[in-house]
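The structure appears below as structure tokens.
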Amino acid sequence: MTAELQTEPVETADLDARTYELDRAHVFHSWSAQGALKPLVLAGGSGTTVWDHAGNRYLDFSSQLVNLNIGHQHPAVVRAIHEQADLLATVAPSTANLARGEAAHRIVSRAPDGFSKVFFTNGGADANENAIRMARLHTGRDKVLSTYRSYHGNTGAAIVSTGDWRRIPNEFARGHVHFFGPYLYRSEFWATSPEQESERALRHLERVIQSEGPDGVAAILLESVPGTAGILIPPPGYLAGVRALADRYGIMLILDEVMAGFGRTGRWFAFEGYDVVPDLITFAKGVNSGYVPVGGVIISDVIAATFDERVFPGGLTYSGHPLAMASIVGALDAMESEGIVENARRVGAEAIGPGLNALADKHSVLGEVRGEGVFWALELVADRDSREPLAADAMAEVKKNLLARGLLPFVQDNRIHVVPPCVVTDDEVAQALSIYDEVLSLVPQN
Ligand code: PLP
């Protein structure tokens, strides 16, 4: 069925209905059975707020797909895109372009010493895809180890590196092996302290490496802070321990900073908090807050040197697209000059963390609160002792109730991820906390 072509001007009030009708008639959505979908109509936004055509407003505590670090419609980013569009809207990847060089320069200047090159991709999945390829070519090995609780993207190798359910219907690539990372609240290792969880998870990883044959392992691919899987803050010593294991067995360490990077944890890179330097860093989302699709790989000099004489067999028509590059320059400059990363750190430490912990004191449905910066998870449980996750229908009710009170939430399995833009203010956090409080009061508690 085709939605009728609109020839007459549409009244603003009708635009929500028109948007919904066109979407349901013609748009095929990600990760969904299409029949029951009821997508929320959004027409505009500013900072931490979004609205539909009729003017219904929502506090965006999802940052869309946890990518909108700088907030909606930041004028510096919009302006940078406009100016580049006026100058040169597209250019081949083989050319040298000023916006591309400026973007790469700004990215490597925030990376650790020993990283001078960036390979740009269209998003996070193909960043991981190309990082895996670089690690394989550099080491001459094949296998890639990643955790069950992870998401790395929706392309060939990236989806098979992913640990969660999205891997299983897509398992066509080879050489991918999974292991369990640390997650004390639901420990796979019978651990009772963060130190024990860290030590046992490292021991498990070493046994997996040994059992897979270390000489065949090219890379360990990890999210610095696993995001979609539950904002799993690594316990003390874990990432440094993974680095040591990678060094012991000649394996490349790829840290996926697609969701955690560029401010979300209150640091430019999440891994800076964990005493570790990887060999390859993948990024996307927060680097330009998704105003134009982009991602990339930050390459250590040692790996980059592998491709000085040898051809890197990879590329994309839109690698380093000028509109995306201009948006990176605009976003990173504004984040720097406006102290946006510092704001994420401060708001997390002073407002979100204490506020969510106070909610946990009040509502027994909250089994655990964890996070940092503007990257927090609430685990909702049917029972605090057994830690049984709150049922899906109860979670759907929570989501509906949050939305009805003007908060756009990020709900994943039995969790609410509290992930506003890095520009969120104390007032907006206070408003959100009071909405979470009201909605949690409606959940039957033990
Ligand atoms: N890696 C991580 C950690 C992610 O969270 C995501 C997306 O959510 C991806 C990779 C894939 O990024 P994209 O959807 O831009 O391909």
Side-chain angles (χ1 to χ4, degrees), residues 29-32 62-69 107 118-133 135 144-167 170 173 176 178 181 183 219-234 239 253-265 267 269-271 274 278 280-298 314 316 318-321 324 327-328 331 371-377 410-413 415 417 419 421:
H29 284 264
S30 306
W31 307 118
S32 308
S62 68
S63 293
Q64 299 302 298
L65 256 181
V66 202
N67 60 278
L68 191 78
N69 293 11
I107 290 167
V118 183
F119 179 65
F120 288 107
T121 62
N122 299 335
D126 46 347
N128 285 321
E129 205 73 50
N130 283 282
I132 288 170
R133 196 180 305 178
V144 176
L145 308 189
S146 52
T147 65
Y148 284 105
R149 292 193 181 90
S150 65
Y151 181 64
H152 294 293
N154 181 40
T155 54
I159 194 65
V160 185
S161 297
T162 291
D164 72 22
W165 65 272
R166 289 172 283 196
R167 162 179 46 98
N170 291 303
H176 292 272
H178 291 83
Y183 180 15
I220 299 170
L221 168 61
L222 288 180
E223 291 173 72
S224 309
V225 176
T228 312
I231 313 185
L232 308 174
I233 302 293
L239 287 178
L253 177 59
I254 307 171
L255 287 182
D256 178 338
E257 290 265 334
V258 169
M259 187 180 279
F262 290 98
R264 187 132 298 272
T265 60
R267 299 179 291 276
F269 292 107
F271 66 75
Y274 301 107
L280 294 160
I281 303 161
T282 56
F283 66 91
K285 301 188 187 257
V287 71
N288 69 342
S289 292
Y291 283 39
V292 180
V294 75
V297 187
I298 314 174
L316 309 106
Y318 304 129
S319 176
H321 191 281
S327 67
I328 291 177
E372 54 181 338
V374 287
F375 204 27
W376 292 81
F410 192 102
V411 173
Q412 181 76 32
D413 305 325
R415 301 180 304 273
H417 291 191
V419 284

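Remember, it's 1-based here, ligands and their atoms both numbered in the order they're listed.
At least one donor-acceptor pair closer than 3.5 Å links the side chain of S319 to the backbone N or O of F120. The closest donor-acceptor contact from the side chain of S161 to the backbone of S146 lies at 3.5 Å or more, if one exists at all. Side chain of Q64 to main chain of L68: no donor-acceptor pair is present (N/O by atom type, distance under 3.5 Å, no hydrogens or angles). S150 contributes a side-chain N or O that, together with a main-chain N or O of G163, makes up a donor-acceptor pair within less than 3.5 Å.
Considering each of V225, V258, V294, T228, the one bringing a non-hydrogen atom nearest atom 4 (C) of ligand 1 is V258. The residue among H152, E257, E223 with a heavy atom at the shortest distance from atom 10 (C) of ligand 1 is H152.
Protein heavy atom nearest atom 2 (C) of ligand 1, with residue, atom name and distance: Y151 O, 3.2 Å. Of all protein heavy atoms, the one lying nearest to atom 8 (O) of ligand 1 is K285 NZ, 2.9 Å. Looking only at protein heavy atoms, the nearest one to atom 16 (O) of ligand 1 is A125 N, 2.8 Å. Closest to atom 1 (N) of ligand 1, if we only count protein heavy atoms, is D256 OD2, 2.7 Å. Among all protein heavy atoms, the one lying closest to atom 5 (O) of ligand 1 is M259 CE, 3.5 Å. Annotation: atom 12 (O) of ligand 1 to nearest protein heavy atom, G124 CA, 3.3 Å.
Ring-plane geometry between F271 and F269 is classed as parallel, the angle between the planes falling under 30 degrees on a 0 to 90 degree scale with a further cut at 60. Aromatic ring orientation, W31 versus W165: perpendicular (interplanar angle above 60°, classes split at 30° and 60°).
Atoms of ligand 1 found under 4.0 Å from any heavy atom of G123, numbered from 1 in the order shown, are 15 (O). For ligand 1, the atoms sitting less than 4.0 Å from at least one non-hydrogen atom of N128 are 1 (N), 10 (C), numbered in the order shown with element in parentheses.
The two residues T228 and E223 make their nearest non-hydrogen contact at N-OE1, 4.4 Å. In plain terms, the two heavy atoms of N69 and R264 that are nearest each other are OD1-NH2, 3.0 Å.
For the pair N154 and ligand 1, no heavy-atom separation below 4.0 Å is found.
In this structure, atom 14 (O) of ligand 1 is not in close contact with the protein, since no protein heavy atom lies within 4.0 Å of it.
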